[in-house]
Every structure is written in structure tokens, then in C-alpha cells.
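Naming convention: chains lettered A, B, ... in sequence-line order (proteins, then strands); numbering from 1 in each chain. Side chains are part of it too, since the values below use all heavy atoms of this structure and drop only hydrogens, waters and symmetry mates.
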2 protein chains.
Amino acid sequence: MRTGRPRDEKVRLAILTAAQELVLEKGYAAVTTADVAERAGAGKQTIYRWWPGKGALVLDAFSEWVSQAPRMSRRKPSLSSTLVEFCRGASEAAPVLRALMAEAQFDEDLHRRLIAQLVRPRGDELRACLADRRPADRELVVNVLSGLVWQRLMLNEPLDARFVRFALRVVQRI
Amino acid sequence: MRTGRPRDEKVRLAILTAAQELVLEKGYAAVTTADVAERAGAGKQTIYRWWPGKGALVLDAFSEWVSQAPRMSRRKPSLSSTLVEFCRGASEAAPVLRALMAEAQFDEDLHRRLIAQLVRPRGDELRACLADRRPADRELVVNVLSGLVWQRLMLNEPLDARFVRFALRVVQRI
DNA sequence: GCCTTTACGAGACTTCGGGTCTCGGAAACA
DNA sequence: TGTTTCCGAGACCCGAAGTCTCGTAAAGGC
């Protein structure tokens, strides 16, 4: 049994909320951990006690945000609707995603977390839409699609309806 | 006519060489402009006089390196040989490419430079290998290939022979 | 041969954000 | 009551980016 004062859930949420708000307001690079602590009414040390750094904190803040999104669990969503939803979310959060992927290039631990919490889950969603394909083809399509999306993000090109049509056309040809 | 002492070409090259060596030795993140200046026998100010920052400097250092690569100008290289060469170079310089693309996410000017000096030229090389395809297909293939490569880079997965076969299989299906 | 202009090396300096340390106090459990 | 862990607050350290200044050097113009 763990002894001592337990972690305060209110504080945890306040920090995640503050991080999310500040990043949306000012952009990832302009937000400091001190800013987050101040808005959350928390101490800086409380942040560093539970997160290894700014990257992991922001990742957590937006992981929760993504998982709060209305995941209408119809039994098998179509590839196109999934891709549309996928791109809508990625487009809204584009600046954050770009920053996190960028920061992850300099931080191995954050890189692992990012893949586990954001990259892999999205790939799995896509994979689930391709149950009717041959397994080898499935991986191929998933790779191509996520490759296209991440490239668009890093190159700062729009993930709009035109792109979705483009991507679907590619997949159809494979 | 420009008056005053002209820019010293020796110094320019010494700085680029020092930057290149140091980045290869210690990795992008561990190199500071002060390090580069010291090894080049130059002053820090001389770096900032000609480059806006570390990113642009390293980009220039490796742009020259790439363009020095033996570009055997046979008339029309095949797609597969180009892709192999492409991946070999990208694989060797992978840590630098990752770091530059990452830094570019926080620096709009560097982002433009990176695309103009590295991303676009490589895309053009690929495009030149696809002269026999319909124009619409060409863009599609170029996008898919460069998307796959950049994704592999940012996800830190190997750009090996197996990947090349994979990529070629994808293209063949389109 | 001077004068102006710009480049150069060197080093001091400022700024700022990440991250650590410390302290007084609070919440749990034994 | 004592031990343990958490909390807010704030001081603190560190390192890298970028600026400023100074004495000097190399060009062209006069």
C-alpha cells in the first residue's frame, strides 16, 4: 500500500487544462512550464514531479483532448469517413502536432511516447477500416496514408477536403 | 559597386566545414554556434553576419555536401536507382535531416529554406524519372514516395533495401 | 598615400527558458 | 503522533542564442 499524501487529481487536471489552453492561445514554442504552473495555480515542481518535461506534458494534454472527442462507435466506420475525421482533427491541432513531432526528434523518450499515444492509435484506427484487404496490402495502405498526412503536416500544407480526395484516390489505386 | 572589405571566402568555407564536421561528430543538438566559430577559427559575429542562425548554417553546410555528391548525369536514371541513391543519402544524413526538419517547425524562415534547398530538389529528381507517366499520376507518385521517406525519417525507422523494395512495390501498384 | 567602408577575431555581455533545490505546510496512513 | 509523500512558492543554476564593442585588416575611391 502506498503511504503518504496521495496525488491531487484536481491539480493534475488543472495543469493539463492550463497547458492545453496556453498552447492553443500562444502556440507551443511560446509557452513555458512557468506559464502553465502559474495559470494552473500550481508550482513548477509539481509539473516536473509528474512529467519529464514540456513535451510530455503537452502530449498528455492533447491525448486527453483527442480521447474526449466524440468517438461514435458504429461497428465499422468507412475508410473515407475515418480519413475525413482524421484530417479534421489533425488540421485543427496541426501546430501542436508539428511541434510535438519536432521536439520528439531531440528527445528519445518523448519520441516513444508520441508514437505510442498518437501515431500508433491513429494507425490502428485506419487499419480497422481495412479489414477486407489482404494483410500485406493493409500495412502498405496504412503506411502510405499516414506518410501522406505527416508529410503534409511537417511541410505545413493544408489537410483539406482536396487532400482527402487525393489520398483516397491513391488508396483506390493500390 | 560594393565598397569596403569583401567577404573572405576562406572563412566562409572554414565555417561551413567546421559546422559539417561538428554536426557529424556530436549531432546537431549538441553543437553550438560558439563551437563552430572556435573550430573554424572565426568569431561568432562572423557567423551571425552571414547566417540567421544555426539551422540555416547547418542547412547550407549540408546543401553543399549534397551537391558535391557524384551526380552521374546519365541521361535518364531509372526510378529504382534514383530511389536507392536517394535513400542511401537520406540514411547517412538521417540525424541531420531529422534535426533540420524539426527545427524548421519552429522557424518559418528555415522552413522555407529547407524546402527550397532540400525537399523540392529531391522531388524534382524523382519527377524526372517519371516522364513517361501521366502528369496527374506523376505528382501522386512523387507525393507518396517523399511522404514515405519523410515519415520513415521522422519516425526513425530504417531507410534500407527492404524499404526501397516496399516503396517500389507501392509505386508499381499506382 | 589617406579616407571611408565593410569584414574579421575576440571576448564581454544580456536574455531567457529548462530544470533543480529548498522550505513551510497539508493530507493521508499507521 | 509520527512518517511519508504531496503541494505552492520562490530562489537558484545552467547553458545556449544572440548582441555589442573594440582594435585591426583589406578593399575601392580620391
Report the nucleotide, chosen from D/dA16, D/dG8, C/dG18, that has the shortest atom-to-atom distance to any side-chain atom of B/T32.
->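 Closest nucleotide to the B/T32 side chain: D/dA16.
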Closest to the A/P6 side chain, choosing from D/dG8, D/dA16, C/dA28 =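 The listed nucleotide nearest to A/P6's side chain is C/dA28.
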Tell me which of B/G4 and B/A29 sits closer to the 5' end of DNA chain D, going by the nucleotide each one is nearest to.
->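 Nearest nucleotide further toward 5': that of B/A29.
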Would you please confirm or rule out a distance under 4.0 Å between OP1 or OP2 of C/dC8 and any side-chain N or O of B/R49?
->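 For C/dC8, OP1/OP2 do have a side-chain N/O of B/R49 under 4.0 Å.
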OP1 or OP2 of C/dA28 under 4.0 Å from side-chain N/O of A/T3 |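 False: A/T3 side-chain N/O out of range (4.0 Å or more) of C/dA28 OP1/OP2.
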Could you state the atom-to-atom distance from [atom1] of [X] to [atom2] of [N] in whole Å?
| X | N | atom1 | atom2 | value |
| --- | --- | --- | --- | --- |
| A/E9 | C/dA27 | CD | P | 17 Å |
| B/Y48 | C/dT14 | OH | C1' | 13 Å |
| B/I15 | C/dA10 | CD1 | P | 12 Å |
| A/F106 | D/dG15 | CZ | P | 19 Å |
| A/L57 | C/dG19 | CG | P | 11 Å |
| B/L22 | D/dA16 | CG | P | 13 Å |
| B/E38 | D/dA16 | CD | P | 13 Å |
| B/K10 | C/dG9 | NZ | P | 13 Å |

Provide the closest heavy-atom pair for B/M101 versus B/V119 in the form atom of the first, atom of the second, distance.
->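 Closest heavy-atom pair between B/M101 and B/V119: CE-CG2, 4.4 Å.
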Please confirm whether any donor atom in the side chain of [X] sits under 3.5 Å from an acceptor in the base of [N], or the reverse.
| X | N | answer |
| --- | --- | --- |
| B/R7 | C/dA7 | no |
| A/K44 | C/dG19 | yes |
| A/K54 | C/dG18 | no |
| B/R5 | D/dA26 | no |
| B/Q45 | C/dC8 | no |

Identify, between A/A34 and B/R12, the residue whose nearest nucleotide on DNA chain C lies closer to the 5' end.
->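 Result of the comparison: B/R12.
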Under a 4.0 Å threshold between the charged nitrogen and the carboxylate oxygen, would [Y] count as salt-bridged to [X]?
| X | Y | value |
| --- | --- | --- |
| A/R113 | A/D109 | yes |
| A/R120 | A/D124 | no |
| B/K44 | B/E38 | no |

Give a yes or no answer on whether the side chain of A/N143 reaches the backbone of A/L140 with a donor-acceptor pair at less than 3.5 Å.
->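 A pair under 3.5 Å: no.
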Give B/W50 one of three labels, base, sugar-phosphate or nothing, depending on what nucleic acid heavy atoms sit under 4.0 Å from its own.
->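 If one applies the 4.0 Å heavy-atom cut-off, B/W50 turns out to touch the sugar-phosphate alone, with no base involved.
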